[in-house]
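Quick notes on the structure that follows.
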Amino acid sequence: VRQKVKDSVTTEEMEGKRRLEQYNSGLKKQIEENRNRAVALNEKVQAEYSMETQRIEEEGTQDIQGRQNKFEASRREQEQANHDRLQQIQKDQFDREVRSRKEHEGRVNHTIKQLDDTMKQERQNFAKDFDREAQIQKDTLISHKETYLKELFKQKRDFDKRMGLEKSRGDDPFYRLKNFEAKIHEGSDHYELKARVAPHEKDSVDIIIKDDKIVLSARRSYQDANELDGIKTATNNYQTYRQEFALASPIDAKRVVKKVADDGTITAIIPKLPPRIQAKT
């Protein structure tokens, strides 16, 4: 009985150990399975969490980027609006300055035109008064000159009569007074001189314009020789003559036109200086 009980106890112990081992093995296997399931679940949860986190981050990034884009677009629109407004303000200011400058220039030009018109009228009045006074003075001078020449000629003739020289000189061409038969005509803007010399003397004529005066000068000469019975006789005659004309108005000596024709006719056109240049002179 003891042996049976011992064997039974041993069998029971061995069965208990076997069962315990089976139970431990099953428990260990279950624990391993549970652990594997927990690890797999944890990995799944971590993967889902990572994916959700990434999704949230992506959505947040997109939202932030969208807001940044909206802010940047709003900022650009505001900058453009500010720039446009500044441009408009500058344009309005420039337009006001241009209008103000044009109005000022218009007033200045109007004032200058009024002054120019006044000065022009005064110059015209002065020129008329000056021409009138000059004509009066010229006529007076011509009258005095004619009177002087008549008196001079009369005194010379009386002197020649007293000295008994008039008859002897009258037949001698050397003592005869030679002139150009010149006539001068004054126009509104020029003088015109007409004179004449013998055709064979045309090449010796000089026309000089200087210091508001015109001078005509010419030369003539005559030579003759004769020899008889070894006696040689020679005659040389040389004579110059000139005539001067004082011009009352200033002239433009650079634009004078002078001409001596083949028939001995002398023509000279002497332009006057414009009134404005005369006033400056």
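Along the sequence shown, the residues carry numbers beginning at 1.
- Annotation: the span from R67 atom CZ to Q62 atom CD amounts to 13.0 Å, rounded to 0.5 Å.
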Residue pair D206, R219: steps toward the side-chain contact (heavy atoms from CB on, under 4.5 Å) verdict: CA-CA 9 Å; D206 289 329; R219 301 174 300 278; 3.3 Å; yes
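- In this structure, Q87 and K91 have side chains that are not in contact, with every pair of non-hydrogen atoms separated by 4.5 Å or more.
- Using a 4.5 Å heavy-atom cutoff, the side chains of L193 and T267 are not in contact.
- Side-chain atoms of N36 come within 3.5 Å of backbone N or O of E32 as a donor-acceptor pair.
- In this structure, CD on E133 lies 4.5 Å from CD1 on I136, to the nearest 0.5 angstrom.
- Between the NZ atom in K28 and the CD atom in E33 there is a gap of 13.0 Å [rounded to 0.5 Å].
- Counting only residues at least two apart or in different chains, salt bridge (charged side-chain N to carboxylate O under 4.0 Å, His left out) contacts with residues 101-118 comprise K113-D117.
- Under the salt bridge (charged side-chain N to carboxylate O under 4.0 Å, His left out) criterion, R96 pairs with no residue at all, not counting sequence neighbours.
- Residues that satisfy the side-chain hydrogen bond (donor to acceptor under 3.5 Å, both in side chains) test with E59, not counting sequence neighbours, are R55.
- The shortest non-hydrogen separation linking D262 to P199 is O-CB, 3.7 Å.
- Between the side chain of K120 and the main chain of L115, no donor-acceptor pair closer than 3.5 Å is present.
- For N82, the side-chain contact (heavy atoms from CB on, under 4.5 Å) criterion is met by Q78, not counting sequence neighbours.
- In this model, no donor atom of one side chain and acceptor atom of the other lie less than 3.5 Å apart for D84 and Q88.
- When only modelled atom types and interatomic distance are considered, E79 and H83 share no side-chain donor-acceptor pair under 3.5 Å.
- Taken from CG in D92 to CZ in R85, the straight-line distance is 9.5 Å, to the nearest 0.5 Å.
- Q68 meets the side-chain hydrogen bond (donor to acceptor under 3.5 Å, both in side chains) test with no other residue; sequence neighbours excluded.
- Taking CG from N125 and CG from D129, the interatomic distance works out to 6.5 Å, rounded to the nearest 0.5 Å.
- Counting heavy atoms from C-beta outward, R255 and I270 have side chains that stay 4.5 Å or more apart.
- A distance of 7.5 Å separates CG of D189 from NZ of K272, quoted to the nearest 0.5 Å.
- Of all non-hydrogen atoms in H190 and P271, the two that sit nearest each other are CB-CA, 4.0 Å.
- Taking the centre and axis of the six-membered ring of F245, the NZ or CZ atom of K213 falls outside the cone set by 45° and 6.0 Å.
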side-chain contact (heavy atoms from CB on, under 4.5 Å) for I266 and V197? Distances and angles first, verdict last. CA-CA 8 Å; I266 302 170; V197 295; 4.0 Å; yes
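- Contact record, A253 with I209: CB-CG2, 4.2 Å, taken as the closest heavy-atom pair.
- At distances below 3.5 Å, at least one donor-acceptor pair connects side-chain atoms of Y191 with backbone N or O atoms of S249.
- For S50 (side chain) and Q46 (main-chain N/O), no donor-acceptor pair under 3.5 Å exists by modelled atom type.
- Although no hydrogens or angles enter the test, the distance criterion places no donor-acceptor pair under 3.5 Å between the side chain of S74 and the main chain of K70.
- In this structure a side-chain-to-backbone donor-acceptor pair under 3.5 Å is missing from T265 to A261.
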Decide yes or no on side-chain contact (heavy atoms from CB on, under 4.5 Å) for R196 and D263, but give the supporting numbers first. CA-CA 8 Å; R196 188 176 182 82; D263 62 353; 4.0 Å; yes
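- Every residue two or more places apart in sequence or in another chain was checked for a side-chain hydrogen bond (donor to acceptor under 3.5 Å, both in side chains) with E57, and none qualifies.
- With S217 contributing its side chain and R242 its backbone, the two residues share no donor-acceptor pair below 3.5 Å.
- Side chain of K258 to main chain of I207: a donor-acceptor pair is present (N/O by atom type, distance under 3.5 Å, no hydrogens or angles).
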